[in-house]
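Sharing a structure here in structure tokens format.
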2 protein chains.
Amino acid sequence: MKIVLLGSGNVATHLASALKTAGEEIVQVFSPSLINAKLLAEKVNAEPVDDLSKINKLADLYIISVKDDAIAKVAGSLKTIDGLVVHTSGTTDINVLSSILKNAGVFYPLQTFSKSKVVNFAVIPLCLEATDAKHLEILKVLARKISHKVYEMGGEKRKVLHLAAVFACNFTNHLYSLANQILIANDLDFDIIRPLIAETADKILIDLPENVQTGPAVRSDESTIEKHLTMLADLPELQEIYQTLSSSIKLSHK
Amino acid sequence: MKIVLLGSGNVATHLASALKTAGEEIVQVFSPSLINAKLLAEKVNAEPVDDLSKINKLADLYIISVKDDAIAKVAGSLKTIDGLVVHTSGTTDINVLSSILKNAGVFYPLQTFSKSKVVNFAVIPLCLEATDAKHLEILKVLARKISHKVYEMGGEKRKVLHLAAVFACNFTNHLYSLANQILIANDLDFDIIRPLIAETADKILIDLPENVQTGPAVRSDESTIEKHLTMLADLPELQEIYQTLSSSIKLSHK
């Protein structure tokens, strides 16, 4: 399968490596920044391109992996193409592609990617959608080469999944960051809290989070909650978050 | 070392096992519920006790591992004791013990415990405090038998650590739970999001969370944020949390 990758960000980078490792041929990598295109293209032995008019017209699959608000523009440059065009976004409707292209689909990996960190693609859920059964099957065959977790999923459910991911991943990471802010302000190192974070995530791999909630709020330990709010008096933003989440925990467990 | 354990909850249970495994002798387990005292005492070959007046007066160490607001009451029953008395709380001042007991200390394990889940005590930070150097040394020697991460730490820092832990662990787990609430409402299984949670925690084991923040808020992707808030229209509590945390992410990364 000849694949053109449009994008050079975190998702594009990890997806390119996984596809290359699975034996697929990445013919081109496009980025408006030639430096970024080259950086990724070199890794997967592809041609770097920084001009949408130079995109190879004869590939089998075009993967658009750019910021959500840039997908339509990139797709617009692929109007004359016969191959299948997919995006990798959790929130963007398939119609953004299918309204202007012959063959469209979605190839959404539910994971958080950072360029510096290697991920095991085999366990990443891949959520697939396509405008017809034939192309859905093509995507499934490809997806199964790089992951054990392949889901066929319409746009509405995919968007719900993306929303849930914001809570479980983006907001969670920010809470780690706020914890670090509290530690730094008191000359404590983030390292001391890493085992706790690891165990918190580890627990829900074998149980549901609502079954293993701990802490002052779930115990309705108002005395500790009051002490903590007092400690956060100089950090009103963290105080508000503490109050909002504690109320929510109490509400969920009452 | 002869140890009396006062408490039979999650912390007491895991600590008892770790101490027993390290070759320490748990002579008694106290709980106001005899059933609970027996349950834990049997595991570590100790005598179960449900009456504070029957506590063995000749042990070397008394570990009070009960709810914060019950520590003072339990400590009050140990006034005539010569041995060292410690509590395992992150928030309670050592004075609650030292004001009424001869030899007092703190033995705080920074971890989240659930009875059903085995933990590796060796990586759990143990934060120690004592009223004098001799007893601090006794606690250090004991702590190093069960963990590689032993910290001497005053009450103020310990309380800060506990507060940071609420953000990094308790609130985080609740966000997993809210994600599940969103998934359940749309017939999606929590299993699909587990790899994402594992990777989110895994990333910060080798980096700081502020360096690996992803998601719509850090990208200032207002279009996606608006879509998500609309999707949460029927869940005003989650909508508020979404807004509060997104604002906080933007503020931290601007």
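Below, each value reflects all heavy atoms present in this structure, side chains not excepted, and no hydrogens, waters or symmetry copies. Each chain gets a letter, A, B and so on, in the order the sequences are listed, and its residues count up from 1.
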| Any idea which heavy atoms bring A:Ala168 and B:Ile197 closest together, and the distance? |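 Heavy-atom minimum between the residues: CB-CG1, 3.9 Å.
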
| When only pairs under 4.5 Å are counted, which of A:Ala185, A:Ala201, A:Ser252 shares the most heavy-atom pairs with chain B? |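 Heavy-atom pairs under 4.5 Å are most numerous for A:Ala201.
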
| said: Only pairs of heavy atoms separated by less than 4.5 Å count here; which of A:Leu178, A:Val123, A:Leu188 has the most with chain B? | reply: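 Most heavy-atom pairs within the cutoff with chain B belong to A:Leu188.
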
| task | Locate the shortest heavy-atom distance separating A:Met153 from B:Ile192; write the atom from each residue and the value. | result |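 Answer, listing the atom of A:Met153 first, then B:Ile192: CE-CD1, 3.7 Å.
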
| task | Sort out for me which of A:Cys127, A:Ala198, A:Ala165, A:Ser223 touches chain B most, counting heavy-atom pairs under 4.5 Å. | result |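 Top option by heavy-atom pairs under 4.5 Å: A:Ala165.
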
| said: With rounding to the nearest 0.5 angstrom, report the CG to OG1 distance, B:Leu175 to A:Thr172. | reply: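 Reported to 0.5 Å precision, the distance equals 4.5 Å.
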
| message | Would you compute the distance between atom CD of A:Gln111 and atom CD1 of B:Ile193 and round it to the nearest 0.5 angstrom? | response |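 Those atoms lie 10.0 Å apart.
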
| message | Taking side chain as everything from C-beta outward and backbone as N, CA, C, O, which of these in A:Val212 sits under 4.5 Å from a heavy atom of chain B? Side chain, backbone, both or neither. | response |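 Looking at A:Val212, backbone and side chain both touch chain B.
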
| task | Tell me, yes or no, whether the heavy-atom count around A:His148 atom NE2, taken from other residues, nucleotides or ligands under 6.0 Å, exceeds 12. | result |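 Counting other residues, nucleotides and ligands, NE2 of A:His148 stays at 12 neighbours or fewer.
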
| task | Could you check which of B:Thr214, B:Leu232, B:Leu183 has the highest count of heavy-atom pairs closer than 4.5 Å to chain A? | result |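 Top option by heavy-atom pairs under 4.5 Å: B:Thr214.
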
| field | Criterion side chain to side chain donor-acceptor pair (under 3.5 Å) against B:Thr112, the qualifying member of A:Glu199, A:Lys203, A:Gln213 | value |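 Of A:Glu199, A:Lys203, A:Gln213, side chain to side chain donor-acceptor pair (under 3.5 Å) with B:Thr112 is met by A:Lys203 alone.
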
| task | Select one option (side chain, backbone, both, neither) describing which atoms of B:Phe190 are under 4.5 Å from chain A's heavy atoms. | result |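 Contact with chain A: side chain only.
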
| field | Derivation of the side-chain contact (heavy atoms from CB on, under 4.5 Å) call for B:Asn170 and A:Val218 | value | CA-CA 9 Å; B:Asn170 306 147; A:Val218 73; over 6 Å; no

| Side chain, backbone, both or neither: which part of B:Asn120 has a non-hydrogen atom closer than 4.5 Å to chain A? |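 Contact with chain A involves no heavy atom of B:Asn120 at all.
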
| field | Toward chain B, the part of A:Glu237 with a non-hydrogen atom under 4.5 Å | value |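 Contact with chain B involves the side chain of A:Glu237 alone.
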
| task | Against chain A, work out which of B:Asp191, B:Asp207, B:Ile124, B:Asp221 has the most heavy-atom pairs shorter than 4.5 Å and name it. | result |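 With the most close heavy-atom pairs to chain A, the winner is B:Asp207.
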
| said: Please classify the contact of A:Asp187 with chain B as side chain, backbone, both or neither, using a heavy-atom distance under 4.5 Å. | reply: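 The answer is both parts of A:Asp187.
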
| query | Is the count of non-hydrogen atoms from other residues, nucleotides or ligands lying under 6.0 Å from A:Leu251 atom CG greater than 12? | reply |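 Result for CG/A:Leu251: enclosed.
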
| field | Nearest atoms (heavy-atom pairs only) where A:Lys117 meets B:Asp202 | value |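 So the two residues come closest at NZ-OD2, 3.5 Å.
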
| task | Measure the CD1-OG distance between B:Ile249 and A:Ser177 for me, rounded to the nearest 0.5 Å. | result |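 Output value for this atom pair is 9.0 Å.
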
| field | Contact class of B:Asn186 relative to chain A, heavy atoms under 4.5 angstrom | value |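 Contact with chain A: backbone and side chain both.
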
| message | For a quick test of reading the model, state the closest non-hydrogen atom pair linking B:Arg194 to A:Ile204 and the distance between them. | response |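 That closest heavy-atom pairing would be NE-O, 2.6 Å.
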
| message | Under the criterion side-chain contact (heavy atoms from CB on, under 4.5 Å), I'd like the reasoning laid out for B:Met231 against A:Lys159: C-alpha separation, chi angles, the key distance, then a yes or no. | response | CA-CA 9 Å; B:Met231 288 168 77; A:Lys159 288 170 195 173; 4.0 Å; yes

| message | Between A:Ser247 and chain B, with a heavy-atom cut-off of 4.5 Å, which part of the residue counts as in contact: side chain, backbone, both or neither? | response |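 For A:Ser247, there is no contact with chain B at all, as no heavy atom is under 4.5 Å.
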
| Structural part of B:Leu208 lying under 4.5 Å from a heavy atom of chain A |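 Contact with chain A: backbone and side chain both.
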
| query | In terms of heavy-atom pairs under 4.5 Å, which option from A:Val166, A:Leu205, A:Asp69, A:Thr92 contacts chain B the most? | reply |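 Winner by heavy-atom pair count: A:Leu205.
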
| request: State, to 0.1 Å, how close B:Phe171 and A:Ile241 come at their nearest heavy-atom pair, and which atoms those are. | output: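 Of all heavy-atom pairs spanning B:Phe171 and A:Ile241, the closest is CE1-O, 4.5 Å.
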
| said: Heavy-atom cut-off 4.5 Å, strictly under: side chain, backbone, both or neither for A:Leu238 against chain B? | reply: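 Both parts, backbone and side chain.
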
| Based on non-hydrogen pairs under 4.5 Å, which of B:Glu156, B:Lys149, B:His162 is most in contact with chain A? |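 The candidate making the most pairs under 4.5 Å is B:His162.
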
| Relative to chain B, which segment of A:Lys157 carries a heavy atom at a distance below 4.5 Å: side chain, backbone, both, or neither? |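 When you check distances to chain B, atoms from both the backbone and side chain of A:Lys157 fall under 4.5 Å.
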
| task | Below 4.5 Å from any heavy atom of chain A, which atoms of B:Tyr151 appear? Answer side chain, backbone, both or neither. | result |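 Just its side chain gets close to chain A.
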
| task | Kindly say whether B:Pro209 contributes a backbone atom to a donor-acceptor pair with the side chain of A:Asn173 at under 3.5 angstrom? | result |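 Yes; at least one donor-acceptor contact below 3.5 Å.
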
| query | In terms of heavy-atom pairs under 4.5 Å with chain B, which of A:Leu161, A:Leu245, A:Leu163 leads? | reply |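 Ranked by contacts with chain B, first place is A:Leu163.
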
| request: With a 4.5 Å cut-off on heavy-atom pairs, point out which of A:Ser248, A:Pro125, A:Gly215 contacts chain B the most. | output: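 Going by pairs under 4.5 Å, I would pick A:Ser248.
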
